[in-house]
Amino acid sequence: MRDVRIIDHPLIQHKLTIMRDRATSTASFRRLLQEISHLLCYELTRDLELEMVPIITPVSMMMAPRLAGKKLVFASVLRAGDGLLQGMLDLVPSARVAHIGLYRDPETLQPVSYYFKSPEDLDDRLVVIVDPMLATGHSAAAAVTTMKAHGAQRLRFLSLLAAPEGLRNFHDVHPDVPVYVAAVDEKLNEHGYIVPGLGDAGDRLFGTK
Ligand code: URA
(Lines give C-alpha, C1' and ligand atoms only; values in the text may rest on other atoms or scores of the structure.)
Protein backbone atom coordinates (compact mmCIF):
# COMPACT_ATOMS: atom_id res chain seq x y z
CA MET A 1 0.00 0.00 0.00
CA ARG A 2 1.29 3.48 -0.81
CA ASP A 3 1.12 6.41 1.61
CA VAL A 4 -1.85 5.40 3.75
CA ARG A 5 -1.71 6.26 7.44
CA ILE A 6 -4.18 4.37 9.55
CA ILE A 7 -5.15 6.23 12.71
CA ASP A 8 -6.55 3.45 14.84
CA HIS A 9 -6.60 4.96 18.32
CA PRO A 10 -8.86 2.84 20.59
CA LEU A 11 -11.28 5.75 21.06
CA ILE A 12 -11.62 6.08 17.29
CA GLN A 13 -12.24 2.36 16.88
CA HIS A 14 -14.86 2.38 19.64
CA LYS A 15 -16.71 5.39 18.25
CA LEU A 16 -16.51 4.03 14.70
CA THR A 17 -18.16 0.78 15.81
CA ILE A 18 -21.12 2.76 17.16
CA MET A 19 -21.29 4.75 13.92
CA ARG A 20 -21.34 1.59 11.82
CA ASP A 21 -24.33 0.18 13.74
CA ARG A 22 -27.44 0.87 11.67
CA ALA A 23 -29.45 1.43 14.87
CA THR A 24 -27.38 4.53 15.73
CA SER A 25 -29.44 7.72 15.43
CA THR A 26 -28.63 10.64 13.14
CA ALA A 27 -27.85 12.85 16.13
CA SER A 28 -25.42 10.30 17.60
CA PHE A 29 -23.82 9.61 14.21
CA ARG A 30 -23.16 13.32 13.68
CA ARG A 31 -21.77 13.83 17.18
CA LEU A 32 -19.52 10.77 16.91
CA LEU A 33 -18.12 11.90 13.56
CA GLN A 34 -17.33 15.27 15.08
CA GLU A 35 -15.61 13.61 18.05
CA ILE A 36 -13.60 11.35 15.74
CA SER A 37 -12.62 14.31 13.59
CA HIS A 38 -10.92 15.86 16.63
CA LEU A 39 -8.82 12.73 17.08
CA LEU A 40 -8.03 12.44 13.36
CA CYS A 41 -7.10 16.12 13.16
CA TYR A 42 -4.82 15.74 16.17
CA GLU A 43 -2.85 13.00 14.38
CA LEU A 44 -2.88 14.64 10.95
CA THR A 45 -1.41 17.85 12.36
CA ARG A 46 1.20 16.09 14.53
CA ASP A 47 4.12 17.08 12.27
CA LEU A 48 3.15 20.70 11.55
CA GLU A 49 6.08 23.04 11.63
CA LEU A 50 6.53 25.40 14.58
CA GLU A 51 8.42 28.66 14.94
CA MET A 52 9.64 30.30 18.12
CA VAL A 53 8.22 33.74 18.95
CA PRO A 54 8.84 36.08 21.87
CA ILE A 55 5.91 36.54 24.27
CA ILE A 56 5.52 38.05 27.71
CA THR A 57 3.76 35.89 30.29
CA PRO A 58 2.51 37.47 33.54
CA VAL A 59 5.83 36.33 35.04
CA SER A 60 8.54 36.77 32.40
CA MET A 61 9.50 36.92 28.78
CA MET A 62 9.96 33.68 26.92
CA MET A 63 10.42 32.25 23.44
CA ALA A 64 7.38 30.07 22.79
CA PRO A 65 6.34 27.84 19.86
CA ARG A 66 3.50 28.66 17.51
CA LEU A 67 2.43 27.25 14.15
CA ALA A 68 4.66 28.47 11.35
CA GLY A 69 3.66 29.46 7.86
CA LYS A 70 0.37 30.38 6.29
CA LYS A 71 -3.02 29.28 7.60
CA LEU A 72 -4.13 25.76 6.71
CA VAL A 73 -6.95 25.15 4.27
CA PHE A 74 -9.59 22.51 5.00
CA ALA A 75 -11.43 21.51 1.83
CA SER A 76 -14.72 19.74 2.42
CA VAL A 77 -16.09 17.45 -0.27
CA LEU A 78 -19.83 18.15 -0.11
CA ARG A 79 -21.88 17.10 1.50
CA ALA A 80 -20.50 14.39 3.80
CA GLY A 81 -17.17 16.23 4.18
CA ASP A 82 -18.99 18.79 6.30
CA GLY A 83 -19.38 16.10 8.95
CA LEU A 84 -15.61 16.16 9.46
CA LEU A 85 -15.11 19.87 8.84
CA GLN A 86 -16.54 21.34 12.05
CA GLY A 87 -14.39 19.13 14.27
CA MET A 88 -11.30 20.10 12.29
CA LEU A 89 -12.18 23.78 12.74
CA ASP A 90 -12.69 23.22 16.48
CA LEU A 91 -8.98 22.37 16.69
CA VAL A 92 -7.67 24.77 14.05
CA PRO A 93 -10.13 27.69 14.17
CA SER A 94 -7.98 29.95 12.00
CA ALA A 95 -7.99 27.54 9.05
CA ARG A 96 -9.46 28.72 5.76
CA VAL A 97 -12.21 26.61 4.21
CA ALA A 98 -12.84 25.41 0.67
CA HIS A 99 -15.92 23.56 -0.55
CA ILE A 100 -15.86 21.10 -3.40
CA GLY A 101 -19.24 19.97 -4.73
CA LEU A 102 -19.07 16.53 -6.33
CA TYR A 103 -21.69 13.86 -6.72
CA ARG A 104 -21.29 10.34 -7.96
CA ASP A 105 -23.11 9.47 -11.15
CA PRO A 106 -25.08 6.42 -9.94
CA GLU A 107 -24.41 4.48 -13.14
CA THR A 108 -20.79 5.26 -14.00
CA LEU A 109 -19.82 5.94 -10.33
CA GLN A 110 -17.70 8.78 -11.76
CA PRO A 111 -17.62 12.16 -9.96
CA VAL A 112 -19.48 15.12 -11.46
CA SER A 113 -18.54 18.64 -10.30
CA TYR A 114 -21.32 21.09 -9.41
CA TYR A 115 -19.68 23.60 -7.01
CA PHE A 116 -16.25 24.98 -6.12
CA LYS A 117 -15.23 27.81 -3.79
CA SER A 118 -11.81 28.18 -2.24
CA PRO A 119 -9.34 30.71 -0.89
CA GLU A 120 -7.17 31.83 -3.80
CA ASP A 121 -3.61 31.68 -2.50
CA LEU A 122 -3.25 27.93 -2.14
CA ASP A 123 0.30 27.49 -3.36
CA ASP A 124 2.13 27.73 -0.05
CA ARG A 125 -0.60 26.44 2.25
CA LEU A 126 -1.15 22.90 3.51
CA VAL A 127 -4.49 21.80 2.05
CA VAL A 128 -6.36 19.03 3.86
CA ILE A 129 -9.25 17.57 1.87
CA VAL A 130 -11.88 15.93 4.05
CA ASP A 131 -14.45 13.32 3.02
CA PRO A 132 -15.50 10.54 5.41
CA MET A 133 -15.80 7.82 2.74
CA LEU A 134 -13.01 7.02 0.27
CA ALA A 135 -14.92 4.41 -1.74
CA THR A 136 -14.01 4.10 -5.44
CA GLY A 137 -11.38 6.80 -4.95
CA HIS A 138 -12.64 8.64 -8.04
CA SER A 139 -14.24 11.55 -6.13
CA ALA A 140 -11.23 11.79 -3.84
CA ALA A 141 -8.90 11.91 -6.86
CA ALA A 142 -11.14 14.48 -8.58
CA ALA A 143 -11.14 16.64 -5.45
CA VAL A 144 -7.33 16.60 -5.35
CA THR A 145 -7.11 17.29 -9.09
CA THR A 146 -9.41 20.30 -8.59
CA MET A 147 -7.35 21.67 -5.69
CA LYS A 148 -4.10 21.16 -7.62
CA ALA A 149 -5.61 22.94 -10.64
CA HIS A 150 -6.26 25.91 -8.32
CA GLY A 151 -2.67 25.97 -7.15
CA ALA A 152 -2.47 23.59 -4.19
CA GLN A 153 0.91 21.89 -3.94
CA ARG A 154 0.98 20.43 -0.43
CA LEU A 155 -2.03 18.20 0.12
CA ARG A 156 -3.30 15.56 2.53
CA PHE A 157 -6.53 13.59 2.25
CA LEU A 158 -8.47 12.76 5.42
CA SER A 159 -11.15 10.10 5.53
CA LEU A 160 -12.93 7.96 8.07
CA LEU A 161 -13.27 4.74 6.04
CA ALA A 162 -11.61 3.57 2.84
CA ALA A 163 -11.87 0.60 0.49
CA PRO A 164 -8.61 -1.02 -0.68
CA GLU A 165 -9.51 -0.64 -4.37
CA GLY A 166 -10.35 3.04 -3.78
CA LEU A 167 -6.97 3.66 -2.20
CA ARG A 168 -5.28 2.01 -5.20
CA ASN A 169 -7.31 4.09 -7.68
CA PHE A 170 -6.57 7.26 -5.71
CA HIS A 171 -2.82 6.68 -5.49
CA ASP A 172 -2.62 5.68 -9.18
CA VAL A 173 -3.62 9.30 -9.91
CA HIS A 174 -2.06 11.11 -6.93
CA PRO A 175 0.85 9.06 -5.51
CA ASP A 176 2.19 12.23 -3.85
CA VAL A 177 -0.84 12.74 -1.55
CA PRO A 178 -0.90 10.87 1.76
CA VAL A 179 -4.23 9.49 2.93
CA TYR A 180 -5.10 9.53 6.65
CA VAL A 181 -7.91 7.16 7.53
CA ALA A 182 -9.39 5.49 10.61
CA ALA A 183 -9.96 2.08 8.96
CA VAL A 184 -9.59 0.28 5.65
CA ASP A 185 -12.54 -2.05 5.11
CA GLU A 186 -12.83 -5.24 3.08
CA LYS A 187 -14.10 -4.16 -0.34
CA LEU A 188 -16.62 -2.23 -2.43
CA ASN A 189 -19.95 -3.75 -3.45
CA GLU A 190 -21.47 -3.51 -6.94
CA HIS A 191 -23.11 -0.17 -6.02
CA GLY A 192 -19.82 1.37 -4.95
CA TYR A 193 -20.57 1.13 -1.22
CA ILE A 194 -17.87 0.21 1.24
CA VAL A 195 -18.38 -3.23 2.84
CA PRO A 196 -19.03 -3.59 5.75
CA GLY A 197 -18.84 0.23 5.91
CA LEU A 198 -21.53 2.32 7.53
CA GLY A 199 -23.93 3.01 4.65
CA ASP A 200 -24.35 6.39 3.03
CA ALA A 201 -22.44 8.84 5.23
CA GLY A 202 -24.34 11.88 3.91
CA ASP A 203 -27.74 10.32 4.55
CA ARG A 204 -26.74 9.13 8.00
CA LEU A 205 -25.29 12.53 8.91
CA PHE A 206 -28.22 14.60 7.70
CA GLY A 207 -31.08 12.13 8.18
CA THR A 208 -32.09 12.19 4.53
CA LYS A 209 -33.05 8.51 4.34
N1 URA B 1 -20.21 6.93 0.06
C2 URA B 1 -20.84 6.62 1.22
O3 URA B 1 -21.44 7.47 1.86
N4 URA B 1 -20.79 5.35 1.64
C5 URA B 1 -20.14 4.37 0.98
O6 URA B 1 -20.12 3.22 1.43
C7 URA B 1 -19.50 4.73 -0.23
C8 URA B 1 -19.55 6.03 -0.66
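Both counts, for ligands and for their atoms, begin at 1 and track the order of listing. Only heavy atoms go into these numbers, but all of them, side chains included; no hydrogens, no water, no symmetry mates.
Listed for the R156 side chain is a donor-acceptor partner under 3.5 Å among the backbone atoms of L44. Between the side chain of R22 and the backbone N or O of R20 there is no donor-acceptor pair closer than 3.5 Å. A donor-acceptor pair under 3.5 Å is formed between the side chain of S25 and the backbone N or O of S28.
For Y42 and H9, the ring centers are positioned 6.0 Å apart or more.
Note on R79 versus D203: salt bridge recorded, some NZ/NE/NH1/NH2 to OD/OE distance being below 4.0 Å. A salt bridge links D172 to R2: one of the charged nitrogens lies within less than 4.0 Å of a carboxylate oxygen.
Using a heavy-atom distance under 4.0 Å as the criterion, the protein contacts of ligand 1 are R104, M133, A135, G192, Y193, I194, G199, D200, A201.
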